[in-house]
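Here the structure is a predicted model, which is why all the values come from computation and not from measurement. Nothing fancy with the numbering, it's 1 onward along the sequence. Remember, it's 1-based here, ligands and their atoms both numbered in the order they're listed. The figures here come from the full heavy-atom set of this structure, side chains too, leaving out hydrogens, waters and symmetry mates.
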Amino acid sequence: MQLKKLIESLQPYTPYVGEDVEIKSIENDNRKVTEGSLFICIKGYTVDGHDFAQNAYESGAVAVIAERKLPLPIPVIVVKDTKRASSVLADVFYQNPTQKLKLIGITGTNGKTTTSHLIDAILKEAHKKTGIIGTMYTKIGEEIQETKNTTPEAVTLQKVFHQMVEQKVDTAVMEVSSHALVEGRVFGCDYDIAVFTNLSQDHLDYHGTMEEYKKAKGLLFTRLGNAFQGEKPKFAILNKDDAAANEYETITAAHILTYGIDKDADIMAKNIKITAAGTSFDLHTPLGTQTVQLKMVGKFNVYNSLASIGAAIASNIPLEVTIKALEKVEGVAGRFETVNAGQDFSVIVDYSHTPDSLQNALQTVKEFAENKVYVIVGCGGDRDKTKRPLMAKIACQEASYAILTSDNPRSEDPIAILKDMEAGVEEEQNYTIIPDRKEAITLTVNQAQHGDVILIAGKGHETYQIIGSDVLDFDDRLVAKEAIGERKNDTVL
Ligand SMILES: CC(=O)N[C@H]1[C@@H](OP(=O)(O)OP(=O)(O)OC[C@H]2O[C@@H](n3ccc(=O)[nH]c3=O)[C@H](O)[C@@H]2O)O[C@H](CO)[C@@H](O)[C@@H]1O[C@H](C)C(=O)N[C@@H](C)C(=O)N[C@H](CCC(=O)O)C(=O)O
Ligand SMILES: Nc1ncnc2c1ncn2[C@@H]1O[C@H](COP(=O)(O)OP(=O)(O)OP(=O)(O)O)[C@@H](O)[C@H]1O
């Protein structure tokens with residue numbers, strides 16, 4: 001594609017009078033630049049991409065997009081915000097891939113990964129080729145690519161959509177983080193369906209206040225545009241039981257489908273029954289009423305199922321196909337995943353790392369625990385500090401015994417993080433601090449008795465622990481299995 005054509009896509013457009021060159025690729029990382037690349041300089045949190053422009057030129061870049069003039073012998077186009085410009089440029093460079101497939105975006109504090117996998121399962125049951133972009137990975141058909149972010153930055157994102165179009169993906173399902181919405185990573189995306197799961201405290205280190213966090217998530221619904229755009233109807237699927245949905249209802253011009261358990265909604269679950277083996281409920285939808293028997297456990301998974309049913313209805317998928325798919329889903333890795341090594345107590349690994357999700361997970365466990373409930377929980381370093389005391393408070397209030405431990409301390413001192421957590425605990429409560437996560441899991445497993453449940457919260461599917469700048473192998477599920485295998489049941493916590 002020619003540079004001039006690309007630049008014309010930027011608004012407000014200042015006529016480009018420089019040399020026109022052919023752009024063969026578009027990159028924001030100089031290490032990926034090859035002959036004919038357009039290099040976009042992005043000011044990051046750790047380094048400034050402008051510092052790599054000279055190297056990008058030496059590696060073959062034929063033009064640069066920057067926020068200031070740079071002394072290079074190739075065209076340097078100066079824009080106000082290179083991050084936003086990169087979204088538009090990448091969308092245009094890859095020939096608007098999201099207009100060529102159906103795109104479902106899911107936002108909310110909890111449930112994005114689970115809901116996206118449920119929607120994916122439904123679409124597959126309806127014989128559609130799908131793509132997924134989210135916290136666990138990017139998946140095109142059955143091919144997996146690793147990801148660093150829940151929502152990748154724009155250049156990677158549009159490249160992935162382009163690959164999906166080339167591989168004839170019918171529908172892409174993606175998690176849309178509030179960070180991505182604020183930073184404009186998804187500026188070039190044409191959504192057909194936007195799903196809202198819920199809003200509770202998280203990421204205040206980034207957004208500052210809950211009001212700003214709520215506004216950030218709302219951007220997905222304003223991005224939906226009008227109810228009809230060309231041939232495509234646009235839908236917003238909103239959780240009516242969450243107050244934020246009322247605001248999103250007023251800012252979107254799309255068709256609205258609501259779901260819920262408590263408040264009246266288009267799609268509702270009633271008569272919910274939860275056991276250790278699954279969850280059943282009566283489903284009421286505009287397409288009919290039916291009993292659903294999930295293998296997944298917990299009221300929160302009823303919400304995730306309702307959200308996915310909303311997306312399926314908006315995608316014109318017959319209800320029986322949707323229910324058949326949902327009833328088959330065993331679960332999503334690291335989300336309420338059971339570790340079974342023949343023991344007579346339960347061990348559940350769950351990705352609950354927000355106060356709300358921890359509370360939900362513990363309340364679910366309590367529905368079927370026959371004896372004590374232990375929770376092993378920590379809080380990440382270099383992330384929202386305000387949730388630390390809350391996490392410990394909920395752990396101690398809801399569980400019979402809480403073990404506070406490390407969870408990706410990153411650059412922070414694990415003991416300091418645990419002290420922040422401990423501030424939320426009342427003195428007489430039942431808890432102990434074991435900074436080493438492996439030791440915390442092993443000692444709790446040794447302590448457990450028949451009918452107890454151990455909830456290992458926070459890391460879910462993750463297979464690492466970030467300590468300082470080291471990324472060390474660590475998988476709660478494997479550590480728990482090993483501990484069960486070598487169990488000495490004489491420990492007193
Ligand atoms: C705070 C934040 O959002 N950071 C993101 C950001 O990193 P950064 O600002 O540190 O980038 P940087 O390393 O300074 O680099 C700046 C620029 O220089 C370029 N560069 C850099 C080095 C080099 O040698 N050459 C070079 O060209 C980089 O490609 C980049 O364009 O850009 C990186 C590349 O896109 C992201 O991976 C990184 O996300 C980090 C991992 C992160 O933790 N982000 C969190 C806050 C986040 O976005 N989370 C949300 C939600 C998660 C949830 O829901 O729980 C998400 O969507 O993931
Ligand atoms: N609808 C829900 N409401 C509240 N809690 C939920 C819901 N769905 C899942 N959870 C809890 O949140 C945890 C994370 O779930 P999931 O990975 O689906 O959410 P997410 O929004 O993708 O999280 P993240 O943004 O951190 O990747 C689960 O392990 C479970 O404890």
Side-chain angles (χ1 to χ4, degrees), residues 27-33 39-53 55-56 59 61 82-83 86 106-118 133-136 147-157 174-183 185-186 195-200 202-203 205-207 216-217 239 241-242 259 261 296-308 331-337 348-365 380 382-384 408 410 455-462 466:
E27 303 294 354
N28 57 14
D29 186 328
N30 71 302
R31 292 161 292 192
K32 294 185 183 159
V33 165
F39 179 64
I40 307 177
C41 307
I42 290 175
K43 270 191 211 144
Y45 289 83
T46 41
V47 289
D48 185 347
H50 292 78
D51 297 341
F52 303 103
N55 179 283
S59 304
T82 46
K83 249 187 199 170
S86 77
I106 301 154
T107 201
T109 307
N110 299 120
K112 297 183 293 299
T113 305
T114 310
T115 305
S116 62
H117 281 80
L118 298 183
I133 300 170
T135 311
M136 295 208 319
T147 43
K148 208 152 64 167
N149 288 89
T150 296
T151 311
E153 43 70 36
V155 171
T156 306
L157 188 61
M174 72 178 287
E175 297 180 42
V176 190
S177 67
S178 49
H179 306 73
L181 285 157
V182 168
E183 289 180 3
R185 290 181 209 163
V186 292
V195 180
F196 168 63
T197 59
N198 49 59
L199 186 83
S200 64
D202 202 10
H203 303 309
D205 54 332
Y206 186 90
H207 298 289
K217 296 241 170 254
N239 176 0
D241 290 346
D242 192 301
Y259 66 91
I261 295 172
M296 294 174 294
V297 176
K299 191 175 168 188
F300 56 87
N301 276 323
V302 176
Y303 276 108
N304 296 334
S305 300
L306 295 178
S308 68
V332 178
R335 275 77 184 157
F336 231 78
E337 187 176 334
I348 293 161
V349 169
D350 189 56
Y351 195 44
S352 33
H353 55 276
T354 65
D356 186 53
S357 62
L358 182 66
Q359 182 139 27
N360 287 333
L362 281 166
Q363 282 173 355
T364 302
V365 163
D382 305 333
R383 294 286 184 275
D384 190 352
N408 294 339
R410 301 191 177 83
L455 179 76
I456 309 177
K459 293 184 62 63
H461 64 287
E462 288 179 4
I466 311 174

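In this structure, atom 16 (C) of ligand 1 has protein heavy atoms in its sub-4.0 angstrom surroundings. Within the 4.0 Å cut-off (strictly below), no protein heavy atom is located near atom 7 (O) of ligand 1.
Ligand 2 places these atoms under 4.0 Å from at least one heavy atom of Glu175: 22 (O). Taking every heavy atom of Ile42 and a limit of under 4.0 angstrom, the matching atoms of ligand 1 come to 16 (C), 17 (C), 18 (O), 31 (O). Proximity to His203 (heavy-atom distance under 4.0 Å) selects the following atoms of ligand 1: 53 (C), 54 (O), 55 (O). Which parts of ligand 2 touch Thr135 is read off a 4.0 Å heavy-atom cut-off, strictly below it: atoms 27 (O).
Under a 4.0 Å heavy-atom criterion, Thr109 is in contact with ligand 2. Ligand 2 is never approached by Thr197 to a heavy-atom distance shorter than 4.0 Å.
With a heavy-atom cut-off of 4.0 Å, Arg383 touches ligand 1 through its side chain alone. Looking at Ala180 against ligand 1, nothing comes within 4.0 Å, counting heavy atoms.
Not a single N or O atom of Tyr206, backbone or side chain, sits closer than 3.5 Å to an N or O atom of ligand 1. Of the N or O atoms in Tyr303, none lie within a sub-3.5 Å distance of an N or O in ligand 2. Ligand 1 has a nitrogen or oxygen under 3.5 angstrom from a nitrogen or oxygen of Thr46. Geometrically, ligand 2 and Thr150 share no nitrogen or oxygen pair separated by less than 3.5 Å. Residue contacts with ligand 2: Phe336 is placed with no nitrogen or oxygen under 3.5 Å of a nitrogen or oxygen of the ligand (distance criterion only). Not a single N or O atom of Lys43, backbone or side chain, sits closer than 3.5 Å to an N or O atom of ligand 1. Looking at Asp356 next to ligand 2, no N or O pair under 3.5 Å apart turns up. Geometrically, ligand 1 and Val47 share a nitrogen or oxygen pair separated by less than 3.5 Å.
Ring-plane geometry between Tyr45 and Tyr206 is classed as tilted, the angle between the planes lying from 30 to 60 degrees on a 0 to 90 degree scale.
Around atom 58 (O) of ligand 1, the closest heavy atom drawn from Asp51, Asp205, Thr150 belongs to Thr150.
Under the rule for a ring-ring contact (aromatic ring centres under 6.0 Å, His included), the partners of His207 that lie at least two apart in sequence or sit in another chain are His179, Tyr213. Under the side chain to side chain donor-acceptor pair (under 3.5 Å) criterion, Asn30 pairs with Asn55, sequence neighbours left out.
At a cut-off of 3.5 Å, with distance as the only test, no side-chain donor of Ser308 or Thr115 sits close to an acceptor on the other residue.
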